[in-house]
**Q** 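First the structure, which I've put down as structure tokens, then a few questions once you've had a look.
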Number of protein chains: 2
Amino acid sequence: MARATIKSIAKKTGYSVGTVSNALRDAPSVKQETRDEIHKAATALGYRVNLDGLKLRTNKSYRIAVLVSVSEDAAEEWEGVEFTRILAGISKAVQGSRYQLSVFSTSGDDTELKTLRSIVQEGLADGVIFSGTRVNDPRIAYLQAEAFPFVTYGMSSSDLPHAYVDLDSETAAYEATARLIGLGHRRIALINPPDDLVYALQRRLGYADALSKGALGFDPTLIATGPTTAETGQTAFAALMQLPKPPSAIICANEAMTLGALSAAAKQGVRVGQDVVVISNDDLKLSQYFVPPPSTYYLPIGETSRLLGEFMLQALAGADPSTIQKKIRAQLIERQPDTPPPEPAI
Amino acid sequence: MARATIKSIAKKTGYSVGTVSNALRDAPSVKQETRDEIHKAATALGYRVNLDGLKLRTNKSYRIAVLVSVSEDAAEEWEGVEFTRILAGISKAVQGSRYQLSVFSTSGDDTELKTLRSIVQEGLADGVIFSGTRVNDPRIAYLQAEAFPFVTYGMSSSDLPHAYVDLDSETAAYEATARLIGLGHRRIALINPPDDLVYALQRRLGYADALSKGALGFDPTLIATGPTTAETGQTAFAALMQLPKPPSAIICANEAMTLGALSAAAKQGVRVGQDVVVISNDDLKLSQYFVPPPSTYYLPIGETSRLLGEFMLQALAGADPSTIQKKIRAQLIERQPDTPPPEPAI
DNA sequence: CACCATAATTGAAACGTTTCAATGGTGGGG
DNA sequence: CCCCACCATTGAAACGTTTCAATTATGGTG
């Protein structure tokens, strides 16, 4: 039994192809009565629109591109753990719509812009979702210039507003820092992503803000940066503890970095929770199993990714980018008393 | 500047549309000279085939479906970490071919078969890749009955041969167990995935085989099963240590389970490496950061996923399924002296 | 009743591709 | 010089859909 098409519905109902097409899309030019009849016939035949014909005619791809970037050098490292969850969330959000999800894997910055170009120029997708927004992100500039719909995971500093879903990293970093200050800590370190990432910058800002509010000086040696991997956390922790005046508390940007830091601590015999406090951001319910489990700021990845999908659909429907933006607040999960520093500095 | 089409090439070169089409596909019916001329014109115009027209005409989708299943209940757990890497590998393998990657997210068994059905019946893809093969997997039976190309990550016990890439779990479990026996362990536990998964069965077999070769009895209470999450590892570890005769060594199926086990150990004050030995399988270079870092069997996920993509292309080209199968051998990574049990049992 | 506006429906074209029967051209054999 | 076989190319149809000008049916108005 061949697949039902508009033509087969037309034959069965006796209407013309044009009428059936219009009826199926509930065009007002078709009499209500006729519409009902055609709809009934369509479901009876199990009609499902053929996307290829549709696409060919309308020149739309009905596809949403999701960029996943796997950096060559860090391919063997633990990166992009959250991607599965993000993808699943987006997928769920667009289920039921006509759109399909296509994954484009890229490695490194260069290919990413190139991939974007071919998506736009060859019409590989109608909209694109990507993450890792950078300061003055060329991808955003390009897509805005082309008026191509997109949603980013992570806001950016571009002039024009664009659609995004973001964790409020600045507030999260501020609160984490302020809380440690409240506990009596005076030297607080930050293990941060590379500076060209927008959210790294935001974290810096929140951190610095809390320090100054707490009347503490800003010491640049207390900030370590690197890719958001366990390896970065490990080397950064080791380096920080070798400072003439090591920190009494360390804030890691995500769970991978935290894992690396805890690993380094164990190797060096540094007792986490006593000699030094380690806390994490971007909790995906994994760090609860770390040894010892750190206090964290929870990232509701389910809601976040669902929003990404919904925003994409809205963007495709032509919504004003400035109306489809959302900052998500991270929530503190206390897993440790998070003791004050060894020698209360007063 | 509109996109170049066959028609525009035809106009430019003076040949007919049919000739251009044939020439572009290097049909022997077109004179070599003409072919060259047309190819030159095509590249000059930057011609890229329009998949929609192609698909409409040929009734092929030129798409490869990748199923990602996110179980509803475990949505908040750490599952499918490796998926990003798998996806990236597949993506790289099919780059350059005409095929595109589409992700279909499913939740649970039921929807998975349903998703598969709609992929086959609606022609959403030409082939499909999925994992988590089960004993008597209905998905495999269905796809074989429909003669629909597919590759699985994980072999299965179906009658007919099918294309797969798999880690040799049986050997890995055998070697892990045998090694522990060699170190003097007499009570060795297994934290394993649910029994309906093929590779869980394989692990059981390898484990049991090593036990009998080592003249050790098989104690069913030493096998704990559950989803491959940290939570499973945690509860299983706790339960195992409460046995009247607890194990002196524990083999976890993957890193997530290992993480959970280590977490439970830390909570209960059990000293890993002294009171009990914990080792892991399916190492993705993450467990090296665990506390303490366990010995593991490395899973070359890069090669694995690349093969998945290549096999899919071969399957789509009509290759005999029995020729596109591969078992990958895991490699031991020693991170601990892995001391013998506390009281050498003799 | 003639006319016209409106409502409903039709028919054909178009999107870019492949496929295949039909056409025209070339050369060789008799 | 004719016929035939062969080679290269053409033209048109088809895939399933949308779109839009053209057509027909339906009432309402003067």
Side-chain angles (χ1 to χ4, degrees), chain A residues 1-39 41-42 45-63 97-100 121-126, chain B residues 1-39 41-43 45-63 97-100 121-124 126:
Chain A
M1 48 157 188
R3 188 145 160 221
T5 81
I6 287 194
K7 205 187 283 183
S8 64
I9 298 179
K11 196 174 294 174
K12 179 175 178 186
T13 59
Y15 289 101
S16 76
V17 171
T19 305
V20 173
S21 172
N22 286 326
L24 288 175
R25 278 169 301 133
D26 282 319
S29 70
V30 180
K31 202 174 24 167
Q32 184 61 52
E33 200 180 339
T34 322
R35 266 191 263 173
D36 295 343
E37 184 186 349
I38 289 178
H39 270 124
L45 290 175
Y47 172 78
R48 294 258 329 196
V49 67
N50 179 320
L51 279 182
D52 296 325
L54 179 60
K55 281 143 75 164
L56 183 57
R57 174 64 225 232
T58 59
N59 203 25
K60 287 188 60 175
S61 75
Y62 289 99
R63 198 171 306 147
S97 80
R98 274 184 170 179
Y99 289 92
Q100 295 189 326
Q121 287 170 1
E122 294 175 30
L124 264 33
D126 299 327
Chain B
M1 47 156 190
R3 185 141 163 226
T5 83
I6 286 195
K7 206 187 283 183
S8 64
I9 297 179
K11 196 173 293 172
K12 181 175 176 189
T13 59
Y15 289 102
S16 75
V17 171
T19 305
V20 173
S21 171
N22 285 325
L24 288 175
R25 277 168 302 134
D26 282 320
S29 70
V30 180
K31 206 177 17 169
Q32 184 61 50
E33 201 181 339
T34 322
R35 267 191 259 171
D36 294 343
E37 183 186 350
I38 290 178
H39 270 122
T43 51
L45 289 175
Y47 172 78
R48 293 260 326 197
V49 67
N50 178 318
L51 279 181
D52 296 326
L54 179 59
K55 280 144 72 166
L56 182 57
R57 174 64 225 232
T58 60
N59 202 27
K60 287 189 61 175
S61 74
Y62 288 98
R63 199 172 304 145
S97 80
R98 274 184 169 176
Y99 289 91
Q100 295 189 325
Q121 286 170 1
E122 294 174 30
L124 264 35
D126 298 328

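Chain identifiers are assigned alphabetically (A, B, ...) following the order of the sequence lines, protein sequences preceding nucleic acid strands; residue numbering begins at 1 within each chain.
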**Q** Provide, to the nearest angstrom, the distance between the CG atom belonging to A:L56 and the C1' atom belonging to C:dT18.
**A** 13 Å
**Q** Whole angstroms only, please: what is the NZ-C1' distance between B:K7 and C:dC15?
**A** 8 Å
**Q** On DNA chain D, nearest-nucleotide positions of B:G53 versus B:S29: which is more 5'?
**A** B:S29
**Q** The side chain of B:V17 is closest to which nucleotide in this list: D:dC20, C:dT17, C:dA14?
**A** C:dT17
**Q** If only side-chain N and O atoms of B:Y62 are considered, is one of them under 4.0 Å from the OP1 or OP2 phosphate oxygen of C:dT17?
**A** no
**Q** Return yes if some donor-acceptor pair links the side-chain N/O of A:R35 with the main-chain N/O of A:V30 below 3.5 Å, else return no.
**A** yes
**Q** With sugar-phosphate meaning primed atoms plus P, OP1 and OP2, does B:G123 contact a base, only sugar-phosphate, or nothing at under 4.0 Å between heavy atoms?
**A** nothing
**Q** Using whole Å, report how far NZ of B:K31 lies from P of C:dG24.
**A** 18 Å
**Q** Quick one, A:T34 with A:I38, criterion side chain to side chain contact (heavy atoms under 4.5 Å, CB included). Give me CA distance, side-chain angles, the key distance, then yes/no.
**A** CA-CA 6 Å; A:T34 322; A:I38 289 178; 4.1 Å; yes
**Q** Send over the distance from B:E37 CD to D:dT9 C1', rounded to a whole Å.
**A** 13 Å
**Q** Does D:dT10 have its OP1 or OP2 closer than 4.0 Å to a side-chain nitrogen or oxygen of B:T19?
**A** yes
**Q** Please state how far atom CD1 in B:I38 lies from atom P in C:dT17, giving the value in whole angstrom units.
**A** 13 Å
**Q** From C:dA14, C:dT18, D:dC20, pick the nucleotide closest to the side chain of A:R57?
**A** C:dA14
**Q** Rounded off to whole Å, could you give me the CD1-to-C1' distance for the A:I6 and D:dG16 pair?
**A** 7 Å
**Q** From the set C:dG11, C:dT17, C:dC20, return the single nucleotide nearest to any side-chain atom of A:S16.
**A** C:dG11
**Q** Whole Å only: how far is the CZ atom of A:R3 from the P atom of D:dC15?
**A** 14 Å
**Q** Which of these nucleotides, C:dT9, D:dT9, D:dT17, is closest to any side-chain atom of A:Y15?
**A** C:dT9
**Q** With distance as the sole criterion, is a donor-acceptor pair present between the side chains of A:R63 and B:Q100 under 3.5 Å?
**A** yes
**Q** Side-chain N or O of B:R25 versus OP1/OP2 of C:dT19: is the shortest distance under 4.0 Å?
**A** yes
**Q** Say whether, by atom type as modelled, one donor and one acceptor occur between the side chain of A:R48 and the main chain of A:A4 under 3.5 angstrom.
**A** no
**Q** Closest approach to the side chain of A:N50, judged atom by atom: which nucleotide of C:dT18, C:dT17, D:dG16 is it?
**A** D:dG16
**Q** Checking the side chain of B:S61 only, and the main-chain atoms of B:D126 only, is there a donor and an acceptor separated by less than 3.5 Å?
**A** yes
**Q** Which of the following nucleotides, D:dT9, C:dG16, C:dT18, is nearest to the side chain of B:R98?
**A** C:dT18
**Q** Quick one: does any side-chain atom of A:R3 pair with a main-chain N or O of B:G123 as donor and acceptor, under 3.5 Å?
**A** no
**Q** C:dT9, OP1 or OP2 - any side-chain N/O from A:T34 closer than 4.0 Å?
**A** yes
**Q** Given atom CG of B:L24 and atom C1' of C:dT19, what is their separation to the nearest angstrom?
**A** 15 Å
**Q** Phosphate oxygens OP1/OP2 of D:dT17: is one of them under 4.0 Å from a side-chain N or O of A:S21?
**A** no
